Amino acid sequence: MTAKKNLILYFLLIVFPGNIMASDDVVKGWIILLHEAVCTAYYGYRIYQRDESYYQVGLKEQIVSSLEKIENIVKEMRAVDKTYPIGQYDWLKDAGKALQYRDWALKTNNW
């Protein structure tokens, strides 16, 4: 894994402290993709708020792409509502939090 991927996976547990050890591989995939998209959008936005000298090439496009990924992943997750594995953790709540962040980011920046 690259250092960037390791950093993203580390922050996944901080931004969304949900259990990513779900029993279904599809669910695990959704959760990891969702957390990665949220982290990319969140930390990208923090960099975007700074001076342009901190920007990497395509930063705004990466943020916008991550916001779109959040919406697409959440749609897939909600399509199987009530059929996902039930355990100690309800991963669909992460989907709601991710959409809240996405809506805030879009409203704040008019992207």
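Nothing here was measured: the structure is a model prediction, and the numbers come from that model.
- Nearest heavy-atom pair across Leu34 and Ala98 is CD1-CB, 3.6 Å.
- Annotation: side chain to side chain contact (heavy atoms under 4.5 Å, CB included) contacts of Gln49 (sequence neighbours excluded): Tyr45, Asn109.
- Scanning both residues, Ser66 and Thr40, for their nearest heavy atoms gives OG-CG2, 3.0 Å.
- Closest heavy-atom contact between Ala41 and Leu67: CB-CD2, 3.9 Å.
- One finds the CE atom of Met77 at 11.5 Å from the CD1 atom of Ile70 (value rounded to the nearest 0.5 Å).
- For the atom pair Asp103 CG and Thr108 OG1, the distance stands at 10.0 Å (nearest 0.5 Å).
- Between atom CD of residue Glu68 and atom CD1 of residue Ile63 there is a gap of 12.5 Å, rounded to the nearest 0.5 Å.
- Scored by the side chain to side chain contact (heavy atoms under 4.5 Å, CB included) test, Arg50 finds Tyr54 as partners (sequence neighbours excluded).
- Taken from CD1 in Ile31 to CD1 in Ile73, the straight-line distance is 11.0 Å, to the nearest 0.5 Å.
- Applying the side chain to side chain contact (heavy atoms under 4.5 Å, CB included) criterion to Glu71, with sequence neighbours excluded, gives Lys75, Arg102.
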- List the steps, then state whether side chain to side chain contact (heavy atoms under 4.5 Å, CB included) holds for Asp94 with His35. CA-CA 9 Å; Asp94 277 358; His35 289 206; 2.9 Å; yes
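- Contact record, Gly96 with Arg78: CA-NH2, 3.9 Å, taken as the closest heavy-atom pair.
- A donor-acceptor pair is defined here as one N or O able to donate and one able to accept, closer than 3.5 Å; such a pair exists between the side chain of Tyr55 and the backbone of Tyr48.
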